[in-house]
Amino acid sequence: MADSEQSVRHPLFPPSSISFPSHLWEAPPLLAVPANLTPRLLDHALNALHACGGARVVRQVSGACSAALRQTAALNMTELVVRTLPSPSAAQGPGPDAYKGWLFKWTNYLKGYQRRWFVLSNGLLSYYRTQAEMAHTCRGTITLATVHIEMGDTCHFVLTSGGRSYHLKAYSEGECQRWVSALQQAKANATQMMPHSDDSGDEGPLAQPDRALIQGALKTLASKLEDLNTCNELIGKHGAALQRSLSELEDLRAASDGVDKLKTVNERATLFRITSNAMINVIIFHSFNAHHHLKVWPLQYPEKKVSPFPQKYKQHNWAEGTPEGESSEENEDIEFFDAMEDSPAFITVPADDHSQHSRGSLSSNWSQDDNDGSGCYLRRGRRRRIPDKPNYSLNLWSIMKNCIGKELSKIPMPVNFNEPLSMLQRLTEDLEYSELLDRAAHCDSSLEQMCLVAAFSVSSYSTTVHRTGKPFNPLLGETYELDRVEEYGYRSICEQISHHPPAAAHHVISQRGWTLWQEITIDSKFRGKYISIMPLGNIHLKFHASGNHYVWSKVTSTVHNIIVGKLWIDQSGDIIIMNHRNKDKCHLKFSPYSYFSRDVPRKVTGVVMDSEGCAHYILSGTWDDKMESAKIIESSHGSGGSEGKQKTVYQTLPPKLLWKKYPLPENAENMHYFSSLALTLNEPEDGVAPTDSRLRPDQRLMEAGLWDEANTEKQILEERQRLERRKREAQANLALEEGKEAESYQPLWFDKRTDTESGESSYVYKGGYWEAKDRQDWSQCPAIF
């Protein structure tokens with residue numbers, strides 16, 4: 001290759017891909033094909049890629065190439081064979097009136113003006129942080145047809161559109177004038193392109209160029225849809241062939257047959273990968289093409305409510321990935337970091353290859369690199385959606401006015417602040433990632449088991465990131481059962497054991513080797529702008545085979561912007577997980593969010609130690625996404641700590657994924673941001689106790705969208721509960737007057753006992769619920785609804 005030619009590589013290609021001259025990069029992207037692929041399979045791959053479109057295939061020339069391939073090589077190139085297919089980039093290129101360059105954009109008072117890459121094309125002014133972002137992330141787009149352009153001070157001009165102003169600066173006065181001239185010309189062109197209607201309101205026929213534009217776009221999208229169908233069929237066919245080859249490989253008897261079978265499996269796996277990559281290229285082109293028309297069509301036809309995006313993609317902004325309705329431009333300067341920064345207490349350093357081979361790696365029976373959400377709760381025909389949340393406005397001041405002069409316990413809080421689940425159901429929702437405990441039950445090492453238990457304790461907070469609604473306070477004696485023995489091997493039962501203060505007891509028994517129980521009392525503090533929710537009590541987990549008994553508590557949840565602004569939730573504090581059998585310990589730290597911190601938002605770090613305090617694993621991740629563990633192979637004391645303290649430097653193996661959050665269901669933003677499990681928690685079931693939360697009428701009405709009726713029913717239930725409490729208090733006072741001992745409320749399914757290992761006194765399951773369900777004998781249950 002000549003020295004003047006620059007070798008480039010597509011970002012989606014593996015490092016083993018071959019390089020090629022940069023002048024070939026101008027049109028379609030390239031897809032590298034292994035040089036050792038047989039001619040027969042290469043012909044199949046070329047046909048598949050030709051059906052998919054949007055890529056060129058590059059392969060080293062060898063003597064094994066077929067005659068057809070040698071004819072394709074007539075490109076005056078001695079080292080590459082290129083087959084050119086339709087290019088998606090042609091549709092993405094800027095128009096002839098495009099103008100682009102660097103400008104400074106005002107962001108906020110903390111950061112001032114920040115340099116951004118601006119692109120003016122097709123009546124739209126888009127900006128990016130860097131030129132490289134043009135391929136995937138647009139930070140904002142300004143429609144010039146309705147913009148007001150105003151010159152400011154030296155090198156400064158202002159664009160006003162839709163009530164929002166953009167303050168921009170150029171490097172020089174000349175550059176500023178060129179930008180303003182280009183913007184004014186683009187605005188004039190965009191104004192002429194906008195459709196006009198006469199006073200009668202009748203629309204005239206579409207102009208010929210506009211009709212051609214729409215027809216061309218529809219034709220392109222239709223052809224790409226056919227390409228995707230073709231790719232889908234090819235992937236299915238090659239996947240089935242690969243599965244057959246793997247099955248034959250398992251049945252091998254003679255060693256001589258293994259070489260041929262391995263070669264066949266390798267070829268089919270390569271072909272499957274090539275076809276899959278081609279399909280990815282087509283999907284990328286289709287997405288960018290749809291995004292292009294999503295911005296252009298509303299500009300040309302504002303009266304047409306047409307979107308090329310399917311409904312399931314409307315909940316996200318394509319350019320920024322932010323929820324619909326939030327401005328991506330307002331958050332463009334928030335810094336996010338891909339890697340975890342140094343922990344305040346320790347520093348981790350990856351080990352080299354030699355250390356990995358000399359010390360070994362994590363066992364495969366407890367760590368899991370692929371968490372693809374295969375355990376999502378969408379099995380056995382359970383429901384996948386609930387009625388959409390109605391958009392009712394709420395006047396907070398009218399509620400406060402109606403509360404003047406009333407006792408705090410008598411203030412009727414409307415269901416507008418709630419979500420259609422009770423606190424008992426929210427406790428049960430902690431079991432969404434119960435497969436972590438199933439994996440932990442099969443661990444031979446208690447330290448490896450501790451890592452999975454820690455990941456499970458973090459996973460229970462993943463559903464709270466968007467869940468700002470308050471769960472219903474359970475009535476005294478209210479219960480909730482969740483029987484998932486057939487799907488996931490466990491049964492769960494909760495009961496409200498106290499109303500003031502609110503407390504609940506929870507018990508889970510699994511056929512897969514573990515039992516979990518907890519007693520949680522909720523304490524909350526209103527601190528002006530936010531509310532702190534502090535769950536009091538411990539969670540117990542015991543594995544049947546090893547006898548390991550783990551105990552931990554929950555961290556503090558904080559709901560911000562109670563009075564003004566958008567509600568958001570943060571988790572902060574420490575979790576100490578203790579194994580009472582052998583005194584192993586895990587210390588998890590939930591870092592509180594800070595605007596000025598450079599840490600990853602919602603960060604969680606931790607260390608797993610043995611009974612002697614020696615660290616064995618480092619845990620890191622975020623409570624709303626994933627957790628990883630890295631095995632420590634060496635530790636040393638470093639310098640540079642704050643206040644003269646030394647930080648411990650840990651040398652670790654590469655991290656292993658312990659837990660990854662499942663994606664939310666489609667349309668989750670209109671269903672209270674419920675997870676797949678949460679959608680099924682309030683699903684009606686036959687045979688449950690009459691005190692079950694599923695039968696609570698106000699909660700059921702709220703889920704159906706009948707909020708006014710739910711508020712009325714909620715007041716009736718709360719008043720009935722106050723009457724029952726007064727009766728119990730009167731009976732207690734009468735007993736005291738007679739010199740008798742007052743009887744306190746006793747839960748139906750739980751007893752207070754002292755744990756022999758931890759010494760803690762708490763309510764534990766005494767049995768009888770599932771037997772009563774089998775008999776359908778609920779005569780002991782009170783009528784609370």
Side-chain angles (χ1 to χ4, degrees), residues 360-376 429-463 484 488-490 492 508-518 538-555 575-590 604-611 615-632 652-662 677:
S361 59
L362 295 176
S363 59
S364 59
N365 65 332
W366 72 282
S367 62
Q368 178 172 310
D369 291 329
D370 298 322
N371 194 332
D372 57 357
S374 59
C376 285
E429 199 175 346
D430 290 354
L431 300 172
E432 177 140 21
Y433 299 94
S434 62
E435 70 272 9
L436 291 172
L437 302 183
D438 297 340
R439 288 160 51 195
H442 293 88
C443 288
D444 298 328
S445 167
S446 63
L447 295 171
E448 296 175 353
Q449 190 177 75
M450 176 72 83
C451 292
L452 288 168
V453 173
F456 174 78
S457 69
V458 175
S459 69
S460 62
Y461 298 97
S462 64
T463 61
R484 292 290 190 269
Y488 308 109
Y490 67 78
S492 167
V508 189
I509 180 69
S510 173
Q511 296 178 346
R512 299 177 183 177
W514 53 270
T515 300
L516 181 145
W517 67 96
Q518 60 180 320
N538 290 329
I539 304 171
H540 295 254
L541 173 66
K542 192 167 187 176
F543 290 97
H544 304 163
S546 63
N548 289 331
H549 181 184
Y550 299 90
V551 181
W552 71 93
S553 58
K554 289 180 174 288
V555 297
I575 291 180
I576 305 296
I577 306 177
M578 177 66 72
N579 184 349
H580 283 275
R581 189 183 69 86
N582 57 13
K583 306 306 178 183
D584 290 345
K585 185 171 70 172
C586 174
H587 183 189
L588 292 174
K589 179 177 179 58
F590 288 65
V604 180
T605 56
V607 182
V608 174
M609 297 170 286
D610 59 20
S611 58
H616 290 265
Y617 290 95
I618 295 296
L619 305 180
S620 61
T622 57
W623 53 263
D624 68 325
D625 185 25
K626 65 179 180 181
M627 286 296 294
E628 296 177 333
S629 69
K631 185 176 178 61
I632 299 172
T652 65
L653 295 177
K656 297 289 186 180
L657 182 66
L658 295 174
W659 159 75
K660 175 73 175 173
K661 180 186 177 182
Y662 300 145
L677 172 62

Item to check | Stepwise side-chain contact (heavy atoms from CB on, under 4.5 Å) test for Arg484 and Ser492 | outcome: CA-CA 8 Å; Arg484 292 290 190 269; Ser492 167; over 6 Å; no
Can you tell me how far [atom2] of [Y] sits from [atom1] of [X], rounded to the nearest 0.5 angstrom?
X	Y	atom1	atom2	answer
Tyr488	Glu432	OH	CD	9.0 Å
Asp444	Ser546	CG	OG	10.0 Å
Ser620	Lys626	OG	NZ	8.5 Å
Thr605	Ile618	OG1	CD1	8.5 Å

Item to check | Check against side-chain contact (heavy atoms from CB on, under 4.5 Å), Val551 and Ile539 | outcome: CA-CA 6 Å; Val551 181; Ile539 304 171; over 6 Å; no
Checklist entry - Under 6.0 Å between ring centres, would you say that holds for Trp659 and Phe456? => result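 They do not qualify: ring centres at least 6.0 Å apart.
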Checklist entry - So, do Trp517 and His549 have ring centers that fall under 6.0 Å from each other? => result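 Distance test on ring centres: under 6.0 Å, yes.
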Kindly give the heavy-atom pair with the smallest separation between [X] and [Y], and that separation in Å.
X	Y	result
Leu431	Leu677	C-CD2, 4.3 Å
Asn582	Ser611	O-CB, 3.3 Å
Cys586	Leu619	SG-CD1, 3.8 Å
Leu541	Trp552	CB-CZ3, 3.8 Å
Leu436	Leu658	CD2-O, 3.3 Å
Met627	Leu657	O-CD1, 3.6 Å

Item to check | Residue Lys554 excluded, over 12 heavy atoms near NZ under 6.0 Å | outcome: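 Result for NZ/Lys554: enclosed.
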Checklist entry - Would you call the rings of Trp623 and Tyr461 parallel, tilted or perpendicular, where under 30° means parallel and over 60° means perpendicular? => result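 Trp623 and Tyr461: perpendicular rings.
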Would you indicate whether the side-chain heavy atoms of [Y] and [X] approach each other to under 4.5 Å?
X	Y	result
Asn548	Lys542	no
Lys589	Val604	no
Ile575	Phe590	yes
Phe543	Val453	yes
Met450	Asn579	yes
Asp438	Ser510	yes
Val458	Leu588	yes

Checklist entry - Out of Leu516, Ile577, Asp584, which residue meets the side-chain contact (heavy atoms from CB on, under 4.5 Å) rule with Tyr550? => result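 When Leu516, Ile577, Asp584 are each tested with Tyr550, the side-chain contact (heavy atoms from CB on, under 4.5 Å) holds only for Ile577.
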Checklist entry - Side chains of His616 and Asp610: is there a donor and an acceptor less than 3.5 Å apart? => result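 Side-chain D/A pair, His616 to Asp610: present.
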Checklist entry - Strictly by modelled atom types, are Gln518 and Asn538 linked by a side-chain donor-acceptor pair under 3.5 Å? => result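 Short answer, no.
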Next on the checklist: For Lys660, is there an ion pair with Asp625 - N to carboxylate O distance below 4.0 angstrom?
Outcome noted: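 Here Asp625 pairs with Lys660 in a salt bridge, since their nearest N and O are under 4.0 Å apart.
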Is it true that a side-chain atom of [X] and a backbone atom of [Y] form a donor plus acceptor pair closer than 3.5 Å?
X	Y	value
Tyr490	Arg512	no
Glu448	Cys443	no
Lys661	Ser462	yes

Next on the checklist: Tyr617 vs Leu447, test: side-chain contact (heavy atoms from CB on, under 4.5 Å). Steps then yes/no.
Outcome noted: CA-CA 8 Å; Tyr617 290 95; Leu447 295 171; 4.0 Å; yes
